[in-house]
Number of protein chains: 2
Amino acid sequence: MGSKELKQVGLKVTLPRMKILAILQEHGGAQHLSAEDIYKSLIASGEEVGLATVYRVLTQFETAGLVKRHHFEGGQSVFELNQGEHHDHILCLQCGRIEEFVDEVIETRQREIAAQHGFRLAEHSLILYGNCTNPDCPHRPPTH
Amino acid sequence: MGSKELKQVGLKVTLPRMKILAILQEHGGAQHLSAEDIYKSLIASGEEVGLATVYRVLTQFETAGLVKRHHFEGGQSVFELNQGEHHDHILCLQCGRIEEFVDEVIETRQREIAAQHGFRLAEHSLILYGNCTNPDCPHRPPTH
DNA sequence: TTTGCTGCAAATGCTTTGCATGTAG
DNA sequence: CTACATGCAAAGCATTTGCAGCAAA
């Protein structure tokens with residue numbers, strides 16, 4: 001299942017790569033995991049991979065366009081499967097919940113602003129931080 | 001001139017703090033400097049400050065609301081004087097030029113999106129990355 | 001004087017790299 | 001068989017912290 005993607009981007013099909021891809025694909029691929037998260041997950045399932053390998057593989061995946069790297073508050077990078085369409089993120093400062101959204105109004109406005117300033121827009125990073133009013137929001141600091 | 005701000009926020013008026021404030025205020029206060037930048041600037045002007053002090057002071061300034069910290073691409077944090085009104089940034093991937101902008105359309109839309117997802121919006125980070133078409137853009141990698 | 005500040009060096013947290021061994025193609 | 005992958009330990013950065021000495025109020 002994951003071997004096709006690996007071959008496509010010219011990476012050898014190895015166990016660590018397959019496993020990491022599988023972890024990212026869980027729950028529909030809409031996860032945002034740190035390298036450490038993935039490493040722990042591997043260890044938990046009895047795999048013998050080094051943290052360095054996790055970082056190396058994730059970087060290769062990013063270069064290959066398989067995953068996207070984000071820099072949310074908190075120092076560490078988080079990775080998610082590249083699901084094709086671009087999206088931005090909103091995350092809860094209380095419980096760390098992350099939701100994705102796409103908004104054409106904002107996308108369009110960004111291009112206009114870039115043009116006004118004499119820039120050709122290449123990419124952007126938009127992250128909204130807030131408190132989710134969900135009753136089941138466990139009011140504790142985010143895991144990452 | 002900077003001593004007033006320091007007293008206001010309950011920090012003792014010391015030479016390192018005055019100097020760092022002065023550096024941030026240069027060029028109208030619209031600079032985006034890393035701790036290292038500021039440290040080098042101090043050293044260059046013959047001051048005997050430690051890098052640790054620069055970090056400590058910047059963190060205190062941030063807590064006091066005197067400066068804002070941003071996480072642009074590149075690992076290090078950059079600091080700018082808190083000029084009161086919120087704004088976002090657009091920066092050139094080629095020359096590192098940074099421009100600031102405010103857009104009500106985007107601001108409003110962000111609040112709407114947050115509300116739609118059941119979030120009370122606390123803050124946000126919006127950074128546009130592009131290539132500035134300025135003829136004098138020195139096509140080399142950004143300094144930070 | 002007393003509390004808070006500073007420099008220095010050491011410690012930290014995340015991420016990358018060097019190297020010898022192992023393995024996919 | 002050969003080029004690429006891996007694990008481990010060590011190295012790298014950016015940033016923080018412990019501590020003894022100094023200085024602002």
Side-chain angles (χ1 to χ4, degrees), chain A residues 2-21 23 32-40 42-43 45-64 66-79 141-144, chain B residues 2-21 32-43 45-64 66-79 141-144:
Chain A
S3 55
K4 196 193 308 175
E5 290 92 318
L6 292 178
K7 282 176 190 156
Q8 265 178 3
V9 299
L11 292 172
K12 285 185 177 170
V13 178
T14 66
L15 198 134
R17 284 175 182 158
M18 292 290 280
K19 275 290 179 183
I20 292 174
L21 207 45
I23 290 174
H32 300 81
L33 304 172
S34 67
E36 188 82 33
D37 288 336
I38 294 174
Y39 174 67
K40 283 184 191 148
L42 286 166
I43 296 302
S45 56
E47 297 302 330
E48 293 248 328
V49 279
L51 182 53
T53 299
V54 174
Y55 275 107
R56 260 186 303 233
V57 168
L58 286 171
T59 302
Q60 291 161 341
F61 282 5
E62 185 191 16
T63 303
L66 290 179
V67 309
K68 291 211 171 178
R69 181 195 299 249
H70 301 287
H71 304 282
F72 297 158
E73 299 280 320
Q76 45 209 324
S77 301
V78 296
F79 302 81
T143 327
H144 347 291
Chain B
S3 55
K4 196 193 306 174
E5 289 93 318
L6 292 178
K7 281 177 191 157
Q8 266 178 2
V9 299
L11 292 172
K12 284 187 179 171
V13 178
T14 66
L15 198 133
R17 285 174 182 160
M18 293 290 280
K19 276 288 178 183
I20 292 174
L21 208 44
H32 301 81
L33 303 171
S34 67
E36 189 81 34
D37 289 336
I38 294 173
Y39 174 68
K40 282 185 191 149
S41 178
L42 287 165
I43 296 301
S45 57
E47 296 302 330
E48 294 249 328
V49 278
L51 182 52
T53 299
V54 175
Y55 274 107
R56 259 186 304 233
V57 168
L58 285 171
T59 302
Q60 291 161 341
F61 282 5
E62 185 191 15
T63 303
L66 290 179
V67 309
K68 291 211 170 178
R69 181 194 301 247
H70 300 289
H71 305 282
F72 297 158
E73 298 282 320
Q76 47 210 321
S77 302
V78 295
F79 301 82
T143 326
H144 343 291

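Chain letters run A, B, ... following the sequence lines, proteins first, then strands; residues in each count from 1.
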Would a distance-only check, ignoring hydrogens and angles, find a side-chain to backbone donor-acceptor pair under 3.5 Å from B:T63 to B:T59? yes

Is a side-chain donor or acceptor of B:R17 paired with a backbone partner of B:K12 at a separation under 3.5 angstrom? yes

Could you check how far [atom1] of [X] sits from [atom2] of [N], rounded to whole Å?
| X | N | atom1 | atom2 | result |
| --- | --- | --- | --- | --- |
| A:Y39 | C:dG13 | OH | P | 16 Å |
| A:H71 | D:dA14 | NE2 | C1' | 14 Å |
| B:K19 | C:dT6 | NZ | C1' | 17 Å |
| A:E47 | D:dG7 | CD | P | 10 Å |
| B:Q60 | C:dG4 | CD | P | 12 Å |
| B:L33 | D:dA14 | CG | C1' | 16 Å |
| B:E48 | D:dA23 | CD | C1' | 16 Å |
| A:F61 | D:dA5 | CZ | C1' | 12 Å |

Any [X] side-chain heavy atom under 4.5 Å of [Y] side chain:
| X | Y | value |
| --- | --- | --- |
| A:E62 | A:R69 | yes |
| B:I20 | B:Y39 | no |
| B:F61 | B:L21 | yes |

For a quick test of reading the model, state the closest non-hydrogen atom pair linking A:L11 to A:Q60 and the distance between them.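 What the structure gives for the nearest pair is CD1-CB, 4.2 Å.
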
Ignoring hydrogens, what is the shortest heavy-atom contact between A:S3 and A:M18? Give both atom names and the distance.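 Result for this residue pair: N-SD, 3.6 Å.
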
For A:T53 and A:R56, run side-chain contact (heavy atoms from CB on, under 4.5 Å): C-alpha distance rounded to whole Å, both residues' side-chain angles, the deciding distance at 0.1 Å, then the answer. CA-CA 5 Å; A:T53 299; A:R56 260 186 303 233; 3.8 Å; yes

State which residue, out of B:V49, B:L58, B:I43, fulfils the side-chain contact (heavy atoms from CB on, under 4.5 Å) condition with B:I38.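 By the side-chain contact (heavy atoms from CB on, under 4.5 Å) criterion, B:I38 pairs with just one of B:V49, B:L58, B:I43: B:L58.
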
Produce a footprint string for nucleotides 15-25 of chain C: one letter per nucleotide, 5' end first; B if the base is under 4.0 Å from any protein heavy atom, S if only the sugar-phosphate is, - if neither. BBBB-----BS

Give the angle between the helix axes at the two ends of the helix from C:dT1-D:dA25 to C:dG25-D:dC1, taking five base pairs at each end and rounding to 10°.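 Here the helix ends are tilted 30° relative to one another.
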
